[in-house]
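All remarks here apply to the structure that follows.
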Amino acid sequence: MNKYRSHNCNELRKSDVGSKVFLSGWINKKRDHGNLLFLDLRDNYGITQCIIEKENSKFDFLEKMQLETVIKIEGKVVNRSSETINKDIETGEIEVAIEKFEVLGTCKELPLPVFSNQEYAEEIRLKYRFLDLRRKKIHENIILRSKVISFIRSEMNKFGFLEYQTPILTSSSPEGARDFLVPSRLNPGKFYALPQAPQQFKQLIMVSGFDKYFQIAPCFRDEDARADRSPGEFYQLDLEMSFVEQEDVFNVVEKLLVSTFKRFSKKKLMFDKFPKISYADSLLQYGSDKPDLRNPLIIKDITEIFTRADVSFDIFKKLVKSGSRVRCIITKDTKDKPRSFFDGIDKWAKEQGASGMAYFTFEKDKEISGKGPVGKFFSKAALLELMKQTGANVGDSIFFACNKLKELERITSLARDKIAKELDLIDDNTFAFCWVVDYPMFEEDEQTKKIKFSHNPFSMPQGDSDKINFDKPLEILAYQYDIVCNGIELSSGAIRNHKPDLMYKLFSIAGYNQKQVDEKFSGMINALSFGAPPHGGIAPGIDRIVMLLANEKNIREVTMFPMNQNAQDLMMNAPSEVNDEQLKELSLSLKTKK
RNA sequence: GGGGGUGUAGCUCAGUUGGUUAGAGCGAUCGCCUGUCACGCGAUAGGUCGAGGGUUCGAGUCCCUUCACUCCCGCCA
């Protein structure tokens, strides 16, 4: 038995009554009755109520003790009478009668209370993160994160994957996010970059013949933060496999995510076998490549209707003639919804920067009619055709918008979400995973109109490499895929291009000549020409998985020591200035000096 | 880089149309209280109303500038 405790604060039960124990922990809460003091002692494991009476010579001293002081108490476990049992804590049937105690760590007046369910400003939570982390909810989130990570490690091992570390100091890459740079002392004027992901290394691990790799890998990207995106660093379950097709990667990841989510959440899984949706279909049906499949609403393209002579909705007809499209969302059996519901959506759409959402409800008295402000513009035949194309029935309503494709996708995607929330169609107690597949290899840069890689330049294009039509690069699809859960992008991956010739060809379309590719990706391209196996992988985001499991909307709630939005660590004061000596060693001088 | 929100006691917040001495709960300090588990009761202390400037007889409140935090857009293969 060690000198601090015989038991932890969640261990004592009725069967321990009568035994003498030592407990150490934090004073979570005191309830002072003047001649009788209740003191809740807390540690990582739980809470034990301790009591002391006036007769004890230590009473006055203990009565004055600050909350969050760390103490060791010595005493006897006693039974609680039935009416004083606390069912909310696991040790609630007993309490410890304090005989002696000792202060192990004093505590100043608290800048933020630990025992409270109040919300605090993040600034103060991050500055005193060690106090914040004592609080129940976040303490449990961090423990959950640890358990999820160990579970994933053990599952991956069971699947035959081995974990390998890859360098943290590596080279800057031209594609993707902004790099964090680290100046080299031994190589003046040169810089390392922190890896945005171990992308090239994991492929090199495959070329090195290791077959199945994984790593809980830190990734560093110098981009602006969001609620679900830490500035600076985050973690991925990075994995890669040799001699595999897309389907092999899917099988591993599906098994892993299903077992992880079933183990760590009570929510239902909508699919054990994740549906696959092509990128093109996803944009059409959901307006986004991150579809929330809990939402049953589907977007349909009804542009053709607006070319009919018996449709007189002239504003839309004119826009359609100049290249805009019309897309709609059907809501089931909404004929009795109040006018305010429909106008609310229209008003909301305008607030989102759209020109609004038109709507009407399909009604039938003797004949089909469209009830609503713009229903009158459609003939009976047009209405019937519209119902046929969209699957709408009498009593259903239609919301539609007209715009250029990209903007139309944006607004219908938002509307799909908004309408579903208004109608309460999304089951918050469900996880709906899906694969988004068949991403295009290239896309056109909106500003420069140049062709660029749409995702990962190392992805394998689909089809026989002899037969790919390189003259129409925007039509080339890649074996590139994403996992989406409840509208959140969890990860993306690909079957990689392991053929150097094909790689040069694809890079040339994106504007890199052979020499540039050799320079920028020397490690990779060199390796691929020495017998590279076909391989592929994926990298699910650990932080977002834990967010979903912990039901948190903010990534900082599942991160132990996060930085704030300006990428500062308020507790450690990072980043900080360095002295001239350090700069000199690194051959650096600062342009801006305060 | 741009847009929105917030900023008042250690913490969480209220503060009316611009009006005289800026409030509450929790916490702190002191006192009372032997069965609480958000214990209860009483008292006391605690404020550069984020900062600076302006309008006004008078500003927490209105205007301008600025700072911090946060959410979003851009960005993030």
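Protein chains get the first letters and strands the later ones, always in sequence-line order, with residue 1 at the start of each. Bear in mind that the values here come from a model prediction, so they are computed numbers and not experimental data.
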What does the 5'-to-3' dot-bracket notation of RNA chain B look like when only Watson-Crick and G-U wobble pairs under 3.5 Å count, and pairs to other strands show as |?
(((((((..((((.....[...)))).(((((.......))))).....(((((..]....))))))))))))....
Within the 3.5 Å criterion, strictly below it, is a donor on N513(A) or Y504(A) matched to an acceptor on the partner's side chain?
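No, Y504(A) and N513(A) have no side-chain donor paired with an acceptor closer than 3.5 Å.
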Within the structure shown, what part of the strands sits under 4.0 Å from [X] by heavy-atom distance: base, sugar-phosphate, or nothing?
X       : value
E119(A) : sugar-phosphate
G176(A) : sugar-phosphate
E123(A) : sugar-phosphate
R410(A) : nothing

State which of [options] makes the closest approach to the side chain of [X].
X       : options                : result
A197(A) : U12(B), A77(B), G74(B) : A77(B)
H455(A) : U70(B), G74(B), A77(B) : A77(B)
K64(A)  : G31(B), C75(B), U12(B) : G31(B)

Residues which pass side chain to side chain donor-acceptor pair (under 3.5 Å) with S459(A), listed by chain and number, not counting sequence neighbours
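Testing S459(A) for side chain to side chain donor-acceptor pair (under 3.5 Å), a comparison that skips the adjacent residues, returns Q480(A).
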Which residues satisfy the side chain to side chain donor-acceptor pair (under 3.5 Å) test with K137(A), sequence neighbours excluded?
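For K137(A), the residues satisfying side chain to side chain donor-acceptor pair (under 3.5 Å) (neighbours in sequence not counted) are N141(A).
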Got a salt bridge between R221(A) and D179(A), using NZ or NE/NH1/NH2 to carboxylate O under 4.0 Å?
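No salt bridge links R221(A) with D179(A).
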